[in-house]
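Notes follow the structure.
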Amino acid sequence: MELIILIVIAIYVISYRQNNGKNVYRFFITQVSDIYNKYAPYSYKEVREKVKSLGQDFTTREYITQIIMFGAVAGGISYLYFYNIIFTLIYAGIAIAFIPYLTYLRYQKIYSEYIFEQIQIYTTNVIMEFTTTQSFVKSLEGVRDSGILEDPVLQDVKTMIDMSYQNGTIDESVEFFNEKYPFYMVKNMNQLFLQITKEGAKDSGEALENMAQDIDALVEGVYRDQVDRKNFHKKFITFGLALFLLVMAMQFLLGTDSYIELIEIWYVQLILHLIIIINSYFLVTGEKYYNEDLGVE
């Protein structure tokens, strides 16, 4: 513990000296934000703003309810384990501290579902436009002007159009969009249009019809997976919380007085702490799985 404290102090001092007295807290926040924006697919700010615009953000009352619920559940479980007010307050505080992370996971899920819906609209309507225009770029322009797409996908479609006109070919624009949205349906559809553009648009109707059917099948599979995940999630949370309450069975078998005497032993307390940590990790990992990107293959 002492070593960790010394390392934190050393990092603080070095950062302070390198930044000539600037606010070190702001420096760390800026660095973390830069790293996130560099490696994450979307900025947290963009995700949160979109969730708010979709009307799916929690209200202040809902956040307060979450804080009370997390604190009460974690504190209650901790007290049943240790009958110790200090441990109860510590575990309640840790549980409340996880709320921003769980909110972040929820935002990512909502945003991923939104992006998937936009990509579904993009692919389906580009295919429909192509049957009329027989031109990939003209199809993109038709989808752009139709008003059915929203940012950020709409802005990226505009970028594709500009790149196509600047380069005189769709290769670079297709590569750009494939990297930005690595969906199975995007890569397959754009690859098909590359072949049609280079080899000519003759007899492309059947290939496009098959592609549209593949997209419909994929979308149906993704929505079915969402329903299955929701059902699994409810059972998973119930099972995870039930694991915490197994200590009640132990107290019932031993008796409360005998149990309190038993937890005075240090290694028994250590085992109980490990049980709480492992069960909590199990729950958090399950939440992460439930909120992962949907539709990406």
Side-chain angles (χ1 to χ4, degrees), residues 33-47 49-50 107-222 225 292-297:
S33 178
D34 290 344
I35 292 172
Y36 180 86
N37 289 332
K38 181 177 180 181
Y39 295 104
Y42 318 110
S43 71
Y44 177 74
K45 182 179 179 181
E46 178 183 350
V47 170
E49 287 177 352
K50 179 53 67 175
Y107 283 168
Q108 289 292 89
K109 176 179 180 293
I110 294 172
Y111 194 77
S112 297
E113 291 174 348
Y114 162 76
I115 291 295
F116 183 80
E117 291 174 359
Q118 288 288 295
I119 290 300
Q120 174 195 352
I121 293 171
Y122 160 78
T123 51
T124 302
N125 284 274
V126 168
I127 291 174
M128 292 174 60
E129 289 283 342
F130 190 85
T131 57
T132 302
T133 63
Q134 295 297 303
S135 166
F136 181 60
V137 179
K138 294 296 182 184
S139 300
L140 293 178
E141 290 177 336
V143 174
R144 176 199 63 190
D145 299 334
S146 64
I148 56 177
L149 280 183
E150 299 179 15
D151 288 334
V153 178
L154 175 59
Q155 189 58 48
D156 291 327
V157 168
K158 293 177 180 178
T159 301
M160 285 182 73
I161 295 170
D162 293 339
M163 292 173 67
S164 298
Y165 281 122
Q166 289 174 3
N167 300 323
T169 176
I170 66 172
D171 295 64
E172 188 176 342
S173 61
V174 164
E175 183 179 353
F176 158 78
F177 203 82
N178 286 350
E179 290 181 0
K180 193 74 179 289
Y181 304 100
F183 291 79
Y184 172 84
M185 68 174 87
V186 169
K187 292 182 178 181
N188 275 20
M189 189 197 76
N190 286 341
Q191 181 61 36
L192 176 61
F193 279 119
L194 275 174
Q195 293 176 351
I196 292 174
T197 301
K198 292 180 178 180
E199 298 173 7
K202 293 181 179 180
D203 301 325
S204 61
E206 184 177 354
L208 290 172
E209 184 178 352
N210 291 335
M211 176 61 64
Q213 291 176 357
D214 289 343
I215 291 172
D216 291 340
L218 177 62
V219 170
E220 181 182 353
V222 170
D225 178 68
E292 282 178 344
D293 292 355
L294 305 179
V296 181
E297 296 189 6

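The two residues Y181 and I119 make their nearest non-hydrogen contact at CG-CD1, 3.8 Å. Shown here for E129 and S139, the closest heavy-atom pair between the two residues is C-OG, 3.6 Å.
To the nearest 0.5 Å, atoms NZ (K138) and OG (S164) are separated by 11.5 Å. Here the CG atom belonging to L154 is positioned 11.0 Å from the CD1 atom belonging to I121, to the nearest 0.5 angstrom. To the nearest 0.5 angstrom, I148 atom CD1 is 9.0 Å from T124 atom OG1. Considering OH of Y111 and CZ of F116, their distance stands at 15.5 Å, rounded to 0.5 Å. Taking CE from M160 and CD from E175, the interatomic distance works out to 11.5 Å, rounded to the nearest 0.5 Å.
By the 4.5 Å heavy-atom criterion applied to side chains, T159 and D162 are not counted as neighbours. When side chains are defined from C-beta on, K50 does not count as touching E46, because their heavy atoms never get closer than 4.5 Å. Proximity of Y165 to I161: side-chain heavy atoms (C-beta onward) are separated by under 4.5 Å at one or more points. M189 has its side chain out of reach of F183: every pair of non-hydrogen atoms, C-beta onward, lies at least 4.5 Å apart. Using a 4.5 Å heavy-atom threshold, the side chains of F177 and N190 count as touching. Residues V126 and F136 are in side-chain contact: their nearest non-hydrogen atoms beyond the backbone lie under 4.5 Å apart. For the pair R144 and K158, the minimum side-chain heavy-atom distance is below 4.5 Å. Between P152 and I115 the shortest side-chain heavy-atom distance falls below 4.5 Å.
The backbone N or O of Q120 sits less than 3.5 Å from a side-chain atom of T123, completing a donor-acceptor pair. In this structure a side-chain-to-backbone donor-acceptor pair under 3.5 Å is present from Q118 to E150.
Salt bridge status for K109 with E113: present, with a side-chain N to carboxylate O gap under 4.0 Å.
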Donor-acceptor pairs are to be reported for all side-chain atoms of residues 211-220 against protein atoms at under 3.5 Å, with residues two or more places apart or in another chain.
from : atom 1 : to   : atom 2 : distance (Å)
E220 : OE2    : R224 : NH2    : 3.1

Before giving the answer on side chain to side chain contact (heavy atoms under 4.5 Å, CB included), spell out for L194 and Q191 the whole-Å C-alpha distance, their side-chain angles and the decisive distance to 0.1 Å.
-> CA-CA 5 Å; L194 275 174; Q191 181 61 36; 4.0 Å; yes

